[in-house]
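Each chain gets a letter, A, B and so on, in the order the sequences are listed, and its residues count up from 1. This structure is a prediction, so every number in the text was calculated from the model and none was measured.
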2 protein chains.
Amino acid sequence: MAKSPRIQDISELANVAPSTVSHVLNGTASISDEVSERILAAARETGYLAKRRRKAAVALLPTVLLAASEANFPKSDRNYVSWTMLNAFRQECRNRSIRLIPQIDPGDKIIPENLVNAIERHKPQGVAIMQDDNYELIDAVHDLDPSIVILSGQDPSMRVDTVSPGNRFAAQMATDYLFRLGHRRIAHVTYGTRLIGQHRKMGFLEAYRESAHRMPPGAIIDVETFRPEVVTRNMLNWLSAQPRPLPFTAFFCAADNVAIGVMAALAEAGIKVPEDVSVLGFDNVESGKRQNPPLSTIHVPMEEIGHVALNLLEEARTLPKNERSARRVELGCRVVVRGTTAGPARSG
Amino acid sequence: MAKSPRIQDISELANVAPSTVSHVLNGTASISDEVSERILAAARETGYLAKRRRKAAVALLPTVLLAASEANFPKSDRNYVSWTMLNAFRQECRNRSIRLIPQIDPGDKIIPENLVNAIERHKPQGVAIMQDDNYELIDAVHDLDPSIVILSGQDPSMRVDTVSPGNRFAAQMATDYLFRLGHRRIAHVTYGTRLIGQHRKMGFLEAYRESAHRMPPGAIIDVETFRPEVVTRNMLNWLSAQPRPLPFTAFFCAADNVAIGVMAALAEAGIKVPEDVSVLGFDNVESGKRQNPPLSTIHVPMEEIGHVALNLLEEARTLPKNERSARRVELGCRVVVRGTTAGPARSG
DNA sequence: CTGAAAGCGCTTACAG
DNA sequence: CTGAAAGCGCTTACAG
């Protein structure tokens with residue numbers, strides 16, 4: 001570890017006395033803007049500001065409980081998206097020297113009683129709940145002492161903090177992007193009943209609703225799972241029942257894995273991407289880059305969720321519960337244009 | 001100002017040596033849970049933790065520019081809601097010794113060029129934009145050096161931070177509350193084209209969509225403005241065209257001022273609240289409490305928006321722009337039950 | 001508005 | 001895991 005930056009390092013870098021640095025950093029004397037700026041720049045450069053901030057948060061949150069169900073707890077990078085989130089969250093805890101205690105319930109739900117017991121036992125200052133759409137859970141824990149945050153989930157009753165990607169807005173933005181390319185007949189390929197998929201679908205519908213374009217009939221295509229092989233089977237089925245040329249010029253998929261399955265089906269049916277139809281994924285998964293052509297997609301900042309979640313837990317510790325409303329945070333996503341999106345075919 | 005708390009104060013309160021306090025506060029030695037807890041409690045009690053946190057943020061944000069248009073800048077508490085927000089924001093800047101520079105454009109829009117010039121001139125570290133639905137503005141400023149946050153607004157392109165009440169979720173929650181009271185035929189009284197109203201309407205529509213209940217025809221009632229006198233005139237008109245008993249058992253209003261106007265109209269038409277119909281407002285403004293009966297409403301934490309906005313601006317200064325996604329923060333609202341909501345009349 | 005110098009408060013190496 | 005003590009780093013009262 002590099003030696004911890006001191007005020008003296010800043011004063012040398014900025015060419016002023018250490019006392020001047022101290023004044024600027026604490027607002028204890030009014031120093032000229034020019035010198036102030038120079039000192040602040042040096043303070044940032046040496047890492048002094050970051051160090052001070054880090055220190056201020058230590059001890060606010062010595063222990064955090066990580067609650068998940070077996071089903072939602074990714075054991076490998078097969079479940080790439082939650083894997084990325086979980087690892088970034090763990091790393092962030094390490095950076096802040098927070099002790100992280102996992103509390104994993106078997107099955108596919110977190111059992112409220114188990115979580116309450118674990119809180120009783122470990123007395124954590126914060127609890128992070130992994131993407132669980134289980135609302136009795138919130139009833140059971142929102143009033144307890146530790147601060148609560150849900151990672152990649154929602155709380156419609158707005159009683160606990162949540163952090164998730166802005167799925168709905170991002171899907172709307174994605175659809176708008178396809179509109180801007182000239183597409184008018186876009187299909188949305190979606191699966192399952194998980195909230196994430198619901199929100200992405202809502203964004204798609206909203207984009208049509210707020211545009212001047214009419215959504216074509218049959219534009220929502222449901223597939224069974226997000227596993228590419230299954231999606232390919234489903235889509236080949238769907239394709240065989242469609243007229244040619246296809247009544248859609250673009251497929252906006254609720255996940256990259258779905259998009260990869262769709263691309264395989266299109267290839268098998270002899271339909272060219274992006275010449276005949278465009279395909280747009282969602283998640284920005286590694287394997288998307290290796291498709292041929294490489295998959296256009298929506299980048300979702302899963303690696304930032306942990307950082308934001310811990311900031312929320314820390315902030316919550318600095319304010320009394322009844323003076324602080326729950327925060328629902330959505331993180332901005334962005335379109336990543338690669339090879340599978342283009343303007344619609346002339347005849348399409 | 002009280003004397004600044006020192007480590008010694010904590011050590012006395014917690015009955016340990018100052019060095020032990022230092023270890024716990026910096027994580028430099030592992031101290032028993034019991035002693036740790038005692039020290040942390042004392043550290044919080046003396047205000048030491050809060051002091052350290054406050055100090056860590058000084059100098060991150062010496063100057064903030066407050067951008068608004070004349071029309072959006074409340075000059076008195078006639079515009080109670082934004083007035084509350086603005087004052088709390090100013091107070092929060094004072095607490096953090098941030099110099100706040102107002103930049104008010106005439107008319108009802110912030111002019112992007114003016115804001116860019118003001119940024120050039122004052123070189124603020126942060127810019128707070130007051131509730132402006134003007135998206136060219138974001139194009140013009142999102143890439144500049146200072147961090148940007150929009151107060152009580154949205155950014156569908158998800159490029160800058162925003163803080164606003166969770167209008168949509170809150171309206172959905174409000175409607176669910178009326179469902180739970182037994183109401184099935186609820187009207188939503190709304191006005192204008194401002195985004196806030198749109199979101200509240202969306203929440204109302206969504207509550208019906210996600211419920212088992214059918215939304216009755218004519219359930220969206222548009223009034224001209226939110227001024228109670230005008231609303232009363234509009235509603236008397238509307239009431240005169242309705243059969244008795246009314247086809248609705250509850251009025252969910254997009255603002256308290258609207259609800260106050262609705263109540264006056266109902267009184268004039270001899271319809272009793274809450275016996276004949278329930279009325280629910282939105283905003284929790286002071287004058288609602290003085291109605292007869294006192295108005296049930298949705299509390300909107302406007303006074304917290306400034307705090308959250310400054311936290312976002314500060315946090316943005318600690319991370320490089322390209323490593324940090326924009327945050328869209330919505331604050332939780334809650335139902336405040338007073339005298340104007342009850343179960344529907346038996347015959348209703 | 002800046003800097004030299006005194007001294008306060010915090011950290012840390014060490015003994016138990 | 002805790003505490004007494006040395007000394008480092010930061011703050012502040014003051015001169016210019």
Rounded interatomic separation in angstrom, taking CD1 from A:Ile31 and P from C:dT2
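Atom CD1 in A:Ile31 sits about 5 Å away from atom P in C:dT2.
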
Side chain to side chain, [X] and [Y], heavy atoms closer than 4.5 Å:
X: B:Met130; Y: B:Leu66; result: yes
X: B:Pro146; Y: B:Leu65; result: no
X: A:Asn72; Y: A:Asp108; result: no

Can a donor-acceptor pair be found between the side chains of B:Thr63 and B:Gln125 at a distance below 3.5 Å?
yes

Would you please enumerate the stems DNA chain D participates in, each stem being three or more consecutive Watson-Crick or G-U wobble pairs with both distances under 3.5 Å?
C:1-3 with D:14-16, C:5-12 with D:5-12, C:14-16 with D:1-3

Criterion salt bridge (charged side-chain N to carboxylate O under 4.0 Å, His left out) against B:Asp161, the qualifying member of B:Arg324, B:Arg327, B:Arg328:
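It is B:Arg324, the one option of B:Arg324, B:Arg327, B:Arg328 that forms the salt bridge (charged side-chain N to carboxylate O under 4.0 Å, His left out) with B:Asp161.
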
Residues at least two apart in sequence or cross-chain that pass side chain to side chain donor-acceptor pair (under 3.5 Å) with A:Arg52, listed by chain then number, are A:Asn26

Test A:Leu100 against A:Phe89 for side-chain contact (heavy atoms from CB on, under 4.5 Å), laying out the working first.
CA-CA 10 Å; A:Leu100 188 63; A:Phe89 180 67; 3.7 Å; yes

So does A:Asp139 pair up with A:Arg159, basic N to acidic O under 4.0 Å?
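Yes, A:Asp139 and A:Arg159 are salt-bridged.
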
Nucleic acid footprint by protein, nucleotides 10-16 of chain C - heavy-atom cut-off 4.0 Å, B for base, S for sugar-phosphate alone:
SBB----

